[in-house]
Every structure is written in structure tokens, then in C-alpha cells.
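Written below as C-alpha cells is the structure these notes are about.
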Amino acid sequence: MSYGDHRRVLIEFEDGTNFNYSEGHIDHYHLMFFNGQKDRDLKDAQYFQALKNYGLKYGQDYIYQQFVKIVKMVARLAQKDPADVQPQQQDFGLIAQMVHTSVPDNDRLFKLYVCFYLAMISEWHYHDDYRRSKLHHRLKYLGVYQLLKLNWSAKAAANFSRHKTWQQLDAEMKKYGI
């Protein structure tokens, strides 16, 4: 197997774009975005910046509260089966409903929220030295908290966890109730 193999389309949009999981360097849950012509890697700093921009446009507290609803969806899935957290079609519908009743440019925000939802699910499958991650979706949750509640830059929030132990990150998350 190699990088990009075993591509699994998770959701396809009306414009022909989609999100998919494929073979990554660490696991089979490498999140990719197909833009209609080719797959591209998603970088935390990029989609954190997009979320920050929505926060500036519609209110950081408002966007944060919507994001927390998505965190709760992932937590619910993990509670059902922590060994095999998988995206659910009904959650895409709930995210669409949440977005389409709240903002005018809802198609782009819908894709962004789906991106976070799928990225948080992929964190449940992340292996570090062949051990499962202990922090799971809470890593993205912490980053978004730093981004929208503490007003950090997207780059700082996306890179905060690098070179820190899971215990250091866990302590930081507990400090904010994450």
C-alpha cells in the first residue's frame, strides 16, 4: 500500500467536489479534498484560518458554539464504538440543517464544518508509534478554542500541539474544560 491508496469517498457535493479518506503515512484515515480535478491535502492552518474568517464575519462566539455541536456529534459516535468511530450520513444532514438556517454563504461553511467533523473522526484512528492517540478529537477542539475564544492566529492554534506530550496537551485541555 502507498500514500493515497484505498480512497473512500465520504460525502460528495453538488459541484462535484468531495471529501475522502485514503491511505496516509500513519493510518487509513488521511483526509483529502477532491476539488473536481485532483485530491489535495488539507492543512490545519488553512481550515483554521477559514473558520477564523467566519468567526470575524459572523461572530467568534457564534461560530464556536456551532463548532461545539459538531464536537458533540463526534463524541456521541465515539461513545457508541470507540474502537471504530465512523462518519454518519445523518450527521451530514444535521450539519447542513445547522448551517443552512444561519448564514448566507452556507455552502462553503457547510464544507468547512464537514471538514472539521471528518478530521476529528480521523483523529480517532491516528497511530503514534503504533499506539492509538489518547487525545482523539480533542486536539481539534483545543485548536478551535484557542482560535476563537483566545483569539490566537490560525497558524499558532494549528501548530500548538507539535512537540508536546499527550500529558501536556491533556493538561492544557483540562484547563479550558475540553
Side-chain angles (χ1 to χ4, degrees), residues 8-22 24 29-36 39-80 85-126 133 135-161 173 176-178:
R8 301 177 314 280
V9 174
L10 304 162
I11 183 171
E12 191 158 353
F13 302 100
E14 291 178 7
D15 61 4
T17 61
N18 69 56
F19 284 109
N20 63 83
Y21 288 142
S22 67
Y29 288 82
H30 183 77
L31 183 60
M32 305 281 281
F33 179 72
F34 179 74
N35 65 8
D39 281 325
R40 67 180 181 88
D41 283 314
L42 299 166
K43 304 294 184 203
D44 288 353
Q46 292 172 324
Y47 55 90
F48 274 45
Q49 185 60 56
L51 194 66
K52 179 74 160 186
N53 293 342
Y54 277 104
L56 294 172
K57 188 172 184 178
Y58 297 110
Q60 294 190 151
D61 284 337
Y62 179 73
I63 296 297
Y64 179 76
Q65 290 309 315
Q66 287 196 322
F67 175 79
V68 169
K69 290 176 185 176
I70 297 166
V71 168
K72 289 179 180 179
M73 288 178 196
V74 175
R76 184 194 74 240
L77 294 174
Q79 198 169 36
K80 280 185 190 175
V85 179
Q86 298 294 328
Q88 301 295 308
Q89 290 299 314
Q90 72 257 21
D91 286 343
F92 296 140
L94 292 171
I95 294 168
Q97 183 180 13
M98 177 176 67
V99 169
H100 287 95
T101 59
S102 61
V103 298
D105 52 349
N106 50 43
D107 289 337
R108 292 181 72 203
L109 185 58
F110 174 62
K111 285 182 183 179
L112 181 61
Y113 283 166
V114 167
C115 176
F116 273 99
Y117 171 80
L118 294 171
M120 287 189 289
I121 288 173
S122 73
E123 298 281 354
W124 276 86
H125 300 276
Y126 180 81
S133 166
L135 302 173
H136 309 296
H137 67 281
R138 293 171 56 217
L139 283 170
K140 295 288 185 281
Y141 193 177
L142 175 62
V144 171
Y145 184 89
Q146 292 165 330
L147 182 76
L148 298 176
K149 298 302 263 180
L150 302 179
N151 206 28
W152 286 23
S153 72
K155 186 176 179 180
N159 292 319
F160 176 77
S161 65
M173 292 171 188
Y176 300 116
I178 295 172

side-chain hydrogen bond (donor to acceptor under 3.5 Å, both in side chains) with [X]: which residues, sequence neighbours excluded?
{"X": "Tyr58", "value": "Asp105"}
{"X": "Tyr145", "value": "none"}
{"X": "Gln86", "value": "Tyr29, Asp84"}

Say you draw a straight line from [atom1] of [X] to [atom2] of [Y]; how long is it, rounded to the nearest 0.5 Å?
{"X": "Phe33", "Y": "Cys115", "atom1": "CZ", "atom2": "SG", "result": "9.0 Å"}
{"X": "Arg40", "Y": "Thr17", "atom1": "CZ", "atom2": "OG1", "result": "10.0 Å"}
{"X": "Leu51", "Y": "Leu109", "atom1": "CG", "atom2": "CG", "result": "7.5 Å"}
{"X": "Phe13", "Y": "Phe19", "atom1": "CZ", "atom2": "CZ", "result": "5.0 Å"}
{"X": "Leu10", "Y": "Gln89", "atom1": "CG", "atom2": "CD", "result": "8.5 Å"}
{"X": "Gln88", "Y": "Met73", "atom1": "CD", "atom2": "CE", "result": "11.5 Å"}

Are [X] and [Y] close enough that some pair of their side-chain heavy atoms sits under 4.5 Å apart?
{"X": "Leu135", "Y": "Glu123", "answer": "no"}
{"X": "Met32", "Y": "Leu42", "answer": "no"}
{"X": "Lys155", "Y": "Asn159", "answer": "yes"}
{"X": "Val74", "Y": "Lys140", "answer": "no"}
{"X": "Tyr113", "Y": "Ile63", "answer": "yes"}

Q) Looking at residues at least two apart in the chain, or sitting in another chain, which of them share a ring-ring contact (aromatic ring centres under 6.0 Å, His included) with Phe48? A) Phe116
**Q.** Under the ring-ring contact (aromatic ring centres under 6.0 Å, His included) test, residues paired with Phe92 that sit two or more places apart
**A.** Tyr117
Q. With sequence neighbours left out, what residues match Lys43 under salt bridge (charged side-chain N to carboxylate O under 4.0 Å, His left out)?
A. none
**Q.** Pairing residues for Lys111 by the salt bridge (charged side-chain N to carboxylate O under 4.0 Å, His left out) criterion, not counting sequence neighbours
**A.** Asp15
Q | Exercise: identify the closest heavy-atom pair between Gly143 and Ala157 | A |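 Smallest interatomic distance, heavy atoms only, reads O-CB, 3.4 Å.
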Q. Nearest heavy-atom pair of Pro87 and Leu118: which atoms, and what distance?
A. CB-CD2, 3.7 Å
Q: Could you list the residues that satisfy side chain to side chain contact (heavy atoms under 4.5 Å, CB included) with Ala96, not counting sequence neighbours?
A: His100, Phe110
Q: Not counting sequence neighbours, which residues clear side chain to side chain contact (heavy atoms under 4.5 Å, CB included) with Ala78? List them please.
A: Val85, Trp124
Pair up each side-chain donor or acceptor in residues 146-154 with any protein partner under 3.5 Å, not counting sequence neighbours, and list the distances.
residue, atom, partner, partner atom, Å
Lys149, NZ, Asp61, OD1, 2.8
Asn151, OD1, Lys52, NZ, 2.5
Ser153, OG, Ala156, N, 3.0

Q. Any chance CD of Glu12 has more than 12 other-residue heavy atoms, nucleotides or ligands included, within less than 6.0 Å?
A. yes
Q: Just grab all the salt bridge (charged side-chain N to carboxylate O under 4.0 Å, His left out) pairs involving residues 63-79, residues at least two apart or on different chains.
A: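 Counting only pairs at least two positions apart or across chains, the salt bridge (charged side-chain N to carboxylate O under 4.0 Å, His left out) contacts touching residues 63-79 are Arg76-Asp91.
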**Q.** Steps toward side chain to side chain contact (heavy atoms under 4.5 Å, CB included) verdict (Val9, Phe34)
**A.** CA-CA 9 Å; Val9 174; Phe34 179 74; over 6 Å; no
Q | Any donor-acceptor pair under 3.5 Å from Arg138 side chain to Ile178 backbone | A | yes
